[in-house]
Amino acid sequence: MILNKPYVLTDIKKTTKDVTTFTFKAQDGTSIDFSPGMFAMLTWMGPDGQKISRAFSIANCPPSGELQFFISMIKGQFTSKLENAKVGDVYQVSAPYGQFKLESNFGNKLLFLAGGTGLAPFFSMLKYIIGKNSKPDIVLIYSVKYPYDIIEKEELEKMIAALGGKLTVTVTRPADGDGWTGERGHANADMIKKYAPDSKDRVSYICGPPEFVKALKAALVSLGTNEKEIKAEMWG
Ligand SMILES: Cc1cc2nc3c(=O)[nH]c(=O)nc-3n(C[C@H](O)[C@H](O)[C@H](O)COP(=O)(O)OP(=O)(O)OC[C@H]3O[C@@H](n4cnc5c(N)ncnc54)[C@H](O)[C@@H]3O)c2cc1C
């Protein structure tokens, strides 16, 4: 566990129209261990001693000297500061936190339900599982507003292919002429039934905005999963 440790911003990458990937390295070069799915508290420090802290899911895989985050640039208090961030800036990091994590004995049937930047913890989990040379049966349903919102599409598809898993992206705001030929509309029980008919036999993880998490928890329960066994992380 680290508390308010200085981390240097080493890379800023505009990943989609609205999401930027920020990579940080511990100033003293040490690495931290965490379970995939956990989050870190990032603190921006102003020149006048002002501090703003927010939670972000770690998108890379443990153990690591780097911490990577997929951040929706919504122009709020913290994300406005990040709009002006430069490589070399120092933030404070406290980590790892959270109960939303892939257990070391993660089982052989998983269902991942991601909404928007809620993909981040699953990115960490997928990388970790690949690193373990394990091949559980994974179904990932990923909901985005627009086709251009898919985070790290190529790498995501490669990881799922390497695991022999199934990836379904659903676009909730499809538009004429956007070329989208995949699923449309909000993820729901019908979509889960279509891509994971055995959902009740899977360990299910949900991460995303509150309305996404609530709706999909209810969908899983309607399909026979015990609510207590659903692992969920709600943002906002
Ligand atoms: C455990 C955890 C993990 C998280 N992981 C991530 C992550 O990996 N990536 C990430 O981007 N965020 C993540 N968040 C959210 C993050 O902590 C901040 O809440 C978010 O970045 C907004 O902070 P802000 O200071 O910029 O906005 P604030 O000034 O705090 O304002 C937020 C306001 O914007 C609204 N809002 C929230 N989200 C959106 C949105 N997408 N679009 C428009 N308005 C919105 C809220 O309702 C609120 O009114 C996570 C939150 C939690 C609790």
Side-chain angles (χ1 to χ4, degrees), residues 18-19 35-39 55-57 59 70 72 97-126 128-129 134-147 149-153 156-157 159-161 163-175 178 180-236:
D18 301 313
V19 175
S35 296
M38 295 180 87
F39 68 91
F56 294 99
S57 293
F70 298 152
S72 287
Y97 293 108
Q99 293 308 312
F100 184 78
K101 53 189 176 192
L102 190 73
E103 303 301 339
S104 47
N105 178 15
F106 43 78
N108 54 14
K109 270 177 170 256
L110 302 168
L111 174 59
F112 293 167
L113 303 169
T117 29
L119 181 71
F122 297 118
F123 226 76
S124 175
M125 293 181 192
L126 291 169
Y128 179 83
I129 293 168
S134 180
K135 268 205 174 177
D137 170 352
I138 297 179
V139 174
L140 166 59
I141 300 176
Y142 174 27
S143 170
V144 291
K145 286 184 187 151
Y146 303 102
D149 285 338
I150 302 171
I151 295 171
E152 300 291 359
K153 182 170 186 284
L156 181 62
E157 285 173 347
M159 289 197 290
I160 291 288
L163 291 165
K166 202 154 54 178
L167 167 67
T168 300
V169 177
T170 185
V171 169
T172 59
R173 298 187 194 172
D178 67 10
W180 184 250
T181 55
E183 286 288 352
R184 290 156 183 260
H186 291 287
N188 57 20
D190 286 343
M191 215 177 273
I192 294 173
K193 221 167 22 181
K194 182 169 168 188
Y195 295 102
D198 54 354
S199 60
K200 69 174 176 21
D201 303 325
R202 294 176 178 268
V203 180
S204 296
Y205 292 77
I206 317 172
C207 184
E211 58 284 7
F212 176 87
V213 173
K214 278 183 204 150
L216 289 170
K217 220 184 219 184
L220 284 174
V221 170
S222 77
L223 294 169
T225 303
N226 180 345
E227 185 169 359
K228 287 200 189 102
E229 284 167 17
I230 301 171
K231 297 167 195 296
E233 184 92 283
M234 219 185 262
W235 296 354

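One is the number of the first residue; the rest follow in order along the sequence.
The CD atom of Glu229 lies 12.0 Å from the NZ atom of Lys200; values are rounded to the nearest 0.5 Å. Note that CZ of Phe122 is 9.0 Å distant from OG of Ser57, once rounded to the nearest 0.5 Å. Between the OG1 atom in Thr172 and the CD atom in Glu183 there is a gap of 12.5 Å [rounded to 0.5 Å]. From Phe212, atom CZ reaches atom CG of Leu113 across 5.5 Å, with rounding to the nearest 0.5 Å. Interatomic distance, Lys166 NZ to Phe112 CZ, rounded to the nearest 0.5 Å: 14.5 Å. Note that the CG atom of Leu216 and the CD1 atom of Ile141 stand 8.0 Å from one another [nearest 0.5 Å].
The shortest non-hydrogen separation linking Ser199 to Leu111 is CB-CD2, 4.0 Å. Across every non-hydrogen atom of Met38 and Gly98, the tightest pair is CE-O, 3.5 Å. Of all non-hydrogen atoms in Pro174 and Arg184, the two that sit nearest each other are CB-NH1, 3.1 Å. Nearest heavy atoms, Val169 versus Trp180: O-CZ2, 3.4 Å. Nearest heavy-atom pair, Ala196 versus Arg202, reported as atom, atom and distance to 0.1 Å: CB-NE, 4.0 Å. Across all non-hydrogen atoms, the minimal contact from Phe106 to Val203 is O-CG2, 4.4 Å.
By the 6.0 Å contact criterion, CG on Asn108 is open, its count of non-hydrogen atoms from other residues, nucleotides or ligands being 12 or less. Within a 6.0 Å sphere centred on NZ of Lys153, heavy atoms belonging to other residues, nucleotides or ligands number 12 at most.
Of the possible polar contacts, one joining the Tyr142 side chain to the Ile151 backbone as a donor-acceptor pair under 3.5 Å is found. Using a distance-only test at 3.5 Å, with no hydrogens or angles considered, a donor-acceptor pair links the side chain of Thr170 to the main chain of Gly185. Not a single donor-acceptor pair under 3.5 Å links the side chain of Lys217 to the backbone N or O of Ile230.
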Item to check | Derivation and outcome, side-chain contact (heavy atoms from CB on, under 4.5 Å), residues Leu126 and Leu156 | outcome: CA-CA 9 Å; Leu126 291 169; Leu156 181 62; 3.9 Å; yes

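Between Met159 and Glu152 the shortest side-chain heavy-atom distance does not fall below 4.5 Å. Here the side chains of Tyr128 and Ser35 are not in contact, with every heavy-atom distance at 4.5 Å or above.
A donor atom on one side chain and an acceptor atom on the other are found under 3.5 Å apart for Ser72 and Thr117.
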